[in-house]
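What follows is a single structure, written as structure tokens, with notes after it.
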Amino acid sequence: MSSRIQFIISRLQVLQQRIQEHDPFDRSELAEEEQDFINKWGELIIAGNQAQPEFLFDAQELLSRFIRCYPNLVPLMHRELLYFVGGECLHFLGDEELAFYQQIDEQLYDAEQAGKSVDIDTIIEANLPTAQGETLQ
């Protein structure tokens, strides 16, 4: 399994946990729509772990559905998930975000081509801008 797919699955699992802590997913009994959504989310993670070819397409669909149906929960999502899933999810990113993640993607490609071990979280963290006024001590 590629490091990118592992990264996407990891982010999907984190988001799944986070949304289940918020309304409407934190209720003891879910409405049919929310139950269907949670079931599809679980199926998507299984599909990714099994390296099914439709995984990324299904991820694009589910994340788009998440954004359309639960906009109040979108802040719980790591934005890089949209970039790495790609496709129609790229439309939810701004120009600056796209440029930032393109830079990350190029670094990942270079590392993979050099045969280096790739940790996407580390590369993202290393490229985050430092806050204004922050100094190294």
Side-chain angles (χ1 to χ4, degrees):
M1 180 182 318
S2 78
S3 59
R4 293 168 196 261
I5 298 298
Q6 288 175 336
F7 179 79
I8 291 167
I9 292 169
S10 172
R11 287 295 194 255
L12 286 170
Q13 289 171 326
V14 168
L15 184 54
Q16 181 183 37
Q17 290 173 327
R18 294 176 92 183
I19 66 173
Q20 289 180 336
E21 297 169 355
H22 297 274
D23 189 56
F25 297 101
D26 63 345
R27 299 178 185 167
S28 58
E29 287 193 39
L30 298 178
E32 186 176 334
E33 181 177 334
E34 280 77 32
Q35 187 60 56
D36 176 65
F37 185 79
I38 291 295
N39 292 344
K40 287 194 184 317
W41 201 283
E43 292 167 6
L44 178 64
I45 291 171
I46 291 169
N49 284 322
Q50 294 175 348
Q52 294 180 6
E54 68 277 357
F55 169 69
L56 286 176
F57 179 74
D58 292 344
Q60 291 170 21
E61 269 188 17
L62 195 63
L63 287 175
S64 293
R65 178 179 168 191
F66 173 69
I67 290 168
R68 280 190 318 274
C69 296
Y70 307 103
N72 59 316
L73 298 178
V74 171
L76 301 174
M77 178 177 17
H78 290 105
R79 305 288 291 170
E80 60 267 16
L81 182 58
L82 295 170
Y83 181 83
F84 285 102
V85 167
E88 66 182 274
C89 291
L90 296 176
H91 297 288
F92 299 111
L93 295 171
D95 291 342
E96 288 181 12
E97 290 174 304
L98 287 170
F100 175 77
Y101 292 121
Q102 178 64 40
Q103 178 184 356
I104 301 297
D105 212 13
E106 290 169 5
Q107 291 176 23
L108 290 171
Y109 178 80
D110 291 343
E112 289 168 347
Q113 292 303 307
K116 295 179 182 175
S117 176
V118 177
D119 180 6
I120 297 173
D121 282 321
T122 301
I123 293 174
I124 290 172
E125 188 67 33
N127 283 278
L128 288 174
T130 56
Q132 288 272 341
E134 188 176 301
T135 60
L136 299 176
Q137 294 182 8

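The first residue in the sequence is number 1, and the count goes up from there. Computed from a prediction, not measured in an experiment: that's the story for all the values here.
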From L15 atom CG to I45 atom CD1, the distance as rounded to the nearest 0.5 Å: 9.0 Å
Residues in side-chain contact (heavy atoms from CB on, under 4.5 Å) contact with D105, at least two apart in sequence or another chain: R4, Y83, F84, L108
In one Ile/Leu/Val/Met/Phe/Trp/Tyr side-chain cluster, 4.5 Å: V85, L90: yes
side-chain hydrogen bond (donor to acceptor under 3.5 Å, both in side chains) partners of T122, counting only residues at least two apart: D119
Within-4.5 Å side-chain heavy-atom neighbours: F7 and V118: no
Q102 side, atom CD; Q107 side, atom CD - distance, nearest 0.5 Å: 11.0 Å
Min side-chain heavy-atom separation V14-L81 under 4.5 Å: no
What donor-acceptor contacts under 3.5 angstrom involve side-chain atoms of residues 18-25, with partners at least two apart or in another chain?
unit_1	atom_1	unit_2	atom_2	d
R18	NH1	L76	O	2.6
D23	OD1	R27	NE	2.7
D23	OD1	R27	NH2	2.9
D23	OD2	R27	NH2	3.2

Pairwise salt bridge (Lys or Arg N to Asp or Glu O under 4.0 Å) hits with a residue in residues 39-64, at least two apart: D36-K40
Nearest-0.5 Å distance that lies between atom CD in Q16 and atom CD1 in I9: 12.0 Å
side-chain hydrogen bond (donor to acceptor under 3.5 Å, both in side chains) partners for N39, two or more places apart: Q35
Gap between atom CG of L12 and atom CE of M77 - 0.5 Å precision: 9.5 Å
Closest heavy-atom pair and its distance - G48, I5: O-CG2, 3.9 Å
W41 side chain vs L62 backbone, donor-acceptor pair below 3.5 Å: no
side-chain contact (heavy atoms from CB on, under 4.5 Å) involving Y109 - partner list, sequence neighbours excluded: Q113
Sequence-distant partners of E33, side-chain contact (heavy atoms from CB on, under 4.5 Å), two or more places apart: R65, C69, Y70
Listed once per pair and sorted, the salt bridge (Lys or Arg N to Asp or Glu O under 4.0 Å) pairs that draw on residues 71-92, sequence neighbours left out: R11-E80, R79-E97
In one Ile/Leu/Val/Met/Phe/Trp/Tyr side-chain cluster, 4.5 Å: F57, F92: no
Short side-chain to backbone donor-acceptor contact, S64 and Q60, under 3.5 Å: yes
From CD1 (I120) to CD (E125), nearest 0.5 Å: 14.0 Å
Any residue meeting side-chain hydrogen bond (donor to acceptor under 3.5 Å, both in side chains) with Q103, in chain and number order, not counting sequence neighbours: N127
Separation of I8 CD1 from S3 OG (nearest 0.5 Å): 9.5 Å
Over 12 foreign heavy atoms within 6.0 Å of CG, D95: no
L98 with L82, same ILVMFWY side-chain cluster at under 4.5 Å: yes
